[in-house]
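Whatever order the structure lists ligands and atoms in, that order sets their numbers, starting from 1. All values reported here derive from a predicted model rather than from experimental measurement.
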Amino acid sequence: MSLNLTSSARRRLEQAARRAAGTAYAPYSRFRVGAAVLTGSGKIFAGCNVENASYGLCNCAERTALFTAVAAGERKIRAVAVYTPTPDPKMPCGACRQVIHEFGPKAVVISICKGGKRTELPLAQLLPAAFGPKDLK
Ligand code: THU
């Protein structure tokens with residue numbers, strides 16, 4: 001988990017998440033979120049939330065970043081950073097936790113915010129006793 005993450009990787013990941021919030025499409029909630037994932041090959045992919053007039057189709061920033069990484073051929077997620085321009089850090093929603101688990105059951109989830117506070121927790125703590133690929137074997 002976090003112990004394996006170099007300070008340089010963490011810095012680049014957090015910067016990518018912060019930058020991605022700038023392209024959030026959130027005209028309905030006005031809640032802009034940026035996320036970035038660090039893959040097994042060491043690459044970083046970023047994403048933002050993308051809302052829709054049909055509200056149920058809104059896509060979270062975490063899933064945008066993760067799906068972008070998978071579409072580029074990546075299959076392992078080591079860390080996820082989430083940025084919100086809020087006083088306190090925000091955690092990924094339940095759906096995103098499940099999607100992160102598919103590719104990064106041992107990933108660390110870093111939440112950062114405008115206020116400067118931060119959290120860093122293993123996904124396994126955010127989604128205990130998860131259902132995953134191994135359950136279909
Ligand atoms: N949102 C995210 O992008 N990530 C989360 O973990 C929680 C929620 C987005 C979805 C929606 O566009 C807006 O924030 C309000 O829920």
Query - Donor-acceptor pair, side chain of Asn49 and main chain of Val33, under 3.5 angstrom - result: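 Yes; at least one donor-acceptor contact below 3.5 Å.
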Report task. Output yes when a side-chain donor or acceptor of Gln98 lies under 3.5 Å from a complementary backbone atom of Phe131, and no otherwise. Result ->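 Here the side-chain-to-backbone pair exists.
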Query raised in the report: Who are the residue neighbours of ligand 1 when the rule is a heavy atom under 4.0 Å from any of its atoms?
Result: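 The 4.0 Å shell around ligand 1 contains Ser29, Phe31, Val33, Asn49, Glu51, Cys60, Ala61, Glu62, Met91, Pro92, Cys93.
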Report task. Quick one: list whatever passes side chain to side chain donor-acceptor pair (under 3.5 Å) with Arg118, sequence neighbours left out. Result ->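 Per chain and number, Arg118 pairs via side chain to side chain donor-acceptor pair (under 3.5 Å) with Glu14, Glu120.
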Requested in this report: Quick one: list whatever passes side chain to side chain donor-acceptor pair (under 3.5 Å) with Asp88, sequence neighbours left out.
Outcome: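 Per chain and number, Asp88 pairs via side chain to side chain donor-acceptor pair (under 3.5 Å) with Lys117.
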Requested in this report: Please collect all side chain to side chain donor-acceptor pair (under 3.5 Å) contacts where either partner lies in residues 26-39, sequence neighbours excluded, each pair once.
Outcome: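 Checked against side chain to side chain donor-acceptor pair (under 3.5 Å) - neighbours excluded - the pairs reaching residues 26-39 are Ser29-Glu51, Thr39-Ser41, Thr39-Glu74.
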Query raised in the report: Would a hydrophobic clustering, with Ile, Leu, Val, Met, Phe, Trp and Tyr connected at side-chain separations under 4.5 Å, put Leu38 with Ile100?
Result: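 No: no chain of side-chain contacts under 4.5 Å links Leu38 to Ile100.
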